[in-house]
Novice: 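The following block contains the structure, expressed as C-alpha cells.
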Protein chains: 2
Amino acid sequence: MGTEEIKLAGLKVTLPRTRILQILETNKTRHMSAEDVYRVLLDDDASSIALATVYRVLTQFETAGLVIRHNFEGGQAVFELDNGEHHDHMVCLKSGKIVEFHDEIIEQRQREIAKEHGFELADHSLILYGEFKGK
Amino acid sequence: MGTEEIKLAGLKVTLPRTRILQILETNKTRHMSAEDVYRVLLDDDASSIALATVYRVLTQFETAGLVIRHNFEGGQAVFELDNGEHHDHMVCLKSGKIVEFHDEIIEQRQREIAKEHGFELADHSLILYGEFKGK
DNA sequence: ATCAATGCAAAAACTTTGCACTGAT
DNA sequence: ATCAGTGCAAAGTTTTTGCATTGAT
C-alpha cells in the first residue's frame with residue numbers, strides 16, 4: 001500500500017499523509033481539490049486534519065512525483081495520483097466530469113513543434129473544454 | 001482604432017476602457033496580467049485608474065470576445081487581444097517568454113478525439129512548458 | 001436626467017506561512 | 001532525544017464586490 005511510497009519520497013509516514021494518499025487512491029473521482037480531500041477527511045474521520053496540512057501534504061506529494069497538480073478553469077487546483085501514464089483531459093463545463101485521454105499523434109507533434117522552435121520541452125498541459133453529449 | 005470595438009461590445013467608450021485597449025494593442029509583449037496593465041497605466045498616465053477597474057474591464061473585454069484570458073502556471077491570469085486566429089502557447093519557465101503556435105494536425109486530432117468521446121468541443125487549452133535554448 | 005462606469009475600501013477565494021506543540025524514529 | 005510534522009491562526013495573493021460618486025449619452 002501507500003506507506004512505501006511515502007517512505008520512498010523521504011517523508012515520514014504519518015497519519016495525515018497515509019490518510020490523504022489513501023483518499024486519493026480510493027476516491028471514486030480521480031481528480032480532487034485540496035478542499036475535496038479535506039471534506040472527505042472531515043466526513044470519514046473523527047480525527048482532525050487541518051486544511052493547511054492537506055495543502056502541505058499535497059504539495060509534498062507533488063514534489064515527490066506522487067501526484068500531479070492541474071490548474072483547470074475555476075480557481076481551485078486539482079490533484080490526481082501520478083500513475084506514470086501521461087494523459088490529457090477533457091473537462092465537461094456542465095457537469096465537471098473529467099475524462100482522460102492520450103494521443104500519440106498529438107504528443108509527437110508537440111515534440112516536433114518544440115524542436116522547431118529550439119524549445120526544450122519540460123511538460124505540457126492540454127485540456128479540452130466542452131460538454132459530454134448523451135451517446 | 002479601438003473605440004469602435006468597445007462600442008460594438010455594447011460598452012460605453014470611457015477613458016479606462018480606451019486606455020486599457022490601447023495598452024493591449026501597443027504593449028511590446030502581447031500577454032499581460034491585470035497587474036501588468038495596471039503598472040503601465042501608473043507609469044504612462046497621470047490619470048488614476050483603479051486596479052479593480054482593470055480587472056472589470058478585462059473581464060468585460062473577455063466576455064465581449066475582445067480579449068482571451070489564459071491561466072498559465074503562476075497564479076496570475078494573463079490576457080491577450082483576440083485577433084481571431086486561434087493559437088496555442090509555448091511558455092519558457094526560465095524567462096517567461098511566450099511564443100504562439102498553431103498546428104492543424106493537433107487541432108484535427110483534438111476534434112477527432114472529442115468526437116470519439118461524444119464530447120462537444122467548446123474550447124481547448126494547450127500549453128507547452130519548457131525552456132528556449134539559444135539557437 | 002438617467003443609468004452605466006469608476007474609485008475606493010472591504011471582502012472573497014485559494015493557498016502559504018509562523019510558531020508552539022506533537023509525534024515518528 | 002531529536003527534528004520533522006502538524007494544528008491553528010494569521011498573512012499572502014489574486015480577483016471580486018458594495019457603495020457612493022462621476023461621467024457618457
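Scope of the values below: all heavy atoms of this structure, side chains included, with no hydrogens, waters or symmetry mates. Each chain gets a letter, A, B and so on, in the order its sequence line appears, and its residues count up from 1. In this text the structure is predicted, and so the values were computed from the model without any measurement.
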Novice: Could you state whether A:Val40 and A:Ile49 fall into the same hydrophobic cluster, counting links through intermediate Ile, Leu, Val, Met, Phe, Trp or Tyr residues with side-chain heavy atoms under 4.5 angstrom apart?
Specialist: yes
Novice: Check every strand shown and say whether A:Ala34 touches a base, only sugar-phosphate, or nothing at a heavy-atom separation below 4.0 Å.
Specialist: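 Touches nothing.
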Novice: Crowded around A:Glu116 CD? As in, over 12 foreign heavy atoms under 6.0 Å?
Specialist: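 Atom CD in A:Glu116 is crowded, with more than 12 foreign heavy atoms closer than 6.0 Å.
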Novice: In whole angstroms, how far is the C1' atom of D:dG23 from the CD1 atom of B:Ile49?
Specialist: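 Roughly 14 Å, once rounded to whole Å.
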Novice: Distance under 6.0 Å and angle within 45° of the ring axis: does A:Lys94 meet both against A:Phe132?
Specialist: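 Negative - A:Lys94 is either too far from the ring of A:Phe132 or too far off its axis.
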Novice: For residues 65-76 of chain A, run the donor-acceptor check on the side chains, cut-off 3.5 Å, and write out each pair with its distance to 0.1 Å, sequence neighbours left out.
Specialist:
{"residue": "A:Arg69", "atom": "NE", "partner": "A:Glu62", "partner atom": "OE1", "Å": "3.0"}
{"residue": "A:Arg69", "atom": "NH2", "partner": "A:Thr59", "partner atom": "OG1", "Å": "3.2"}
{"residue": "A:Arg69", "atom": "NH2", "partner": "A:Glu62", "partner atom": "OE1", "Å": "3.1"}
{"residue": "A:His70", "atom": "NE2", "partner": "A:Glu80", "partner atom": "OE2", "Å": "2.6"}
{"residue": "A:Gln76", "atom": "NE2", "partner": "A:Ser33", "partner atom": "OG", "Å": "3.1"}

Novice: Any salt bridge linking B:Glu104 with A:Arg109? Criterion: basic side-chain nitrogen under 4.0 Å from a carboxylate oxygen.
Specialist: no
Novice: Rounded to the nearest 0.5 Å, what separation is found between the CD atom of A:Glu107 and the CG atom of A:Asp103?
Specialist: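 The distance works out to 7.5 Å.
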Novice: Could you state the atom-to-atom distance from CE of A:Met32 to P of C:dC14 in whole Å?
Specialist: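 My rounded result for the distance is 15 Å.
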Novice: Applying a 4.0 Å non-hydrogen cut-off, can you work out what A:Ser33 is touching in the nucleic acid: base, sugar-phosphate, or nothing?
Specialist: nothing
Novice: To the nearest Å, how far apart are B:Arg56 CZ and C:dA4 C1'?
Specialist: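 Distance, rounded to whole Å: 11 Å.
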Novice: Return the value, rounded to whole Å, for the distance between atom CG of B:Leu58 and atom P of D:dT14.
Specialist: 15 Å
Novice: Could you state the atom-to-atom distance from NZ of B:Lys12 to C1' of D:dT22 in whole Å?
Specialist: 11 Å
Novice: Between C1' on D:dT25 and CD1 on B:Ile6, what's the gap in Å once rounded to a whole number?
Specialist: 16 Å
Novice: Which whole-number value in Å describes the distance from B:Leu51 CG to D:dT13 P?
Specialist: 14 Å
Novice: Note down the inter-axis angle between the two ends of the helix from C:dA1-D:dT25 to C:dT25-D:dA1, five pairs each, to the nearest 10°.
Specialist: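 For the helix from C:dA1-D:dT25 to C:dT25-D:dA1, the axes at either end differ by 30°.
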Novice: Below the 4.0 Å mark, does D:dT6 have OP1 or OP2 next to a side-chain nitrogen or oxygen of A:Thr14?
Specialist: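 For D:dT6, OP1/OP2 do have a side-chain N/O of A:Thr14 under 4.0 Å.
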Novice: Would you say A:Arg17 reaches C:dA24's phosphate, i.e. side-chain N/O to OP1/OP2 under 4.0 Å?
Specialist: no
Novice: Whole Å only: how far is the CZ atom of B:Arg69 from the P atom of D:dT14?
Specialist: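 Rounded to whole Å, this separation is 14 Å.
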Novice: Should B:Glu131 and B:Lys133 count as an ion pair when the cut-off is N to O under 4.0 Å?
Specialist: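 Between B:Lys133 and B:Glu131 there is a salt bridge, with a charged N closer than 4.0 Å to a carboxylate O.
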Novice: May I ask you to evaluate whether A:Tyr55 reaches the phosphate of C:dT16, defined as a side-chain N or O under 4.0 Å from OP1 or OP2?
Specialist: no
Novice: Here's a test of your reading of the structure: between B:Ala52 and A:Leu15, which maps to the more 5' nucleotide of DNA chain C?
Specialist: B:Ala52
Novice: Side chain of A:Thr59: nearest nucleotide among D:dG5, C:dT16, D:dT6?
Specialist: C:dT16
Novice: Using heavy-atom distances to pick each residue's nearest nucleotide on DNA chain D, tell me which of B:Asn71 and A:Ala50 is more 5'.
Specialist: A:Ala50
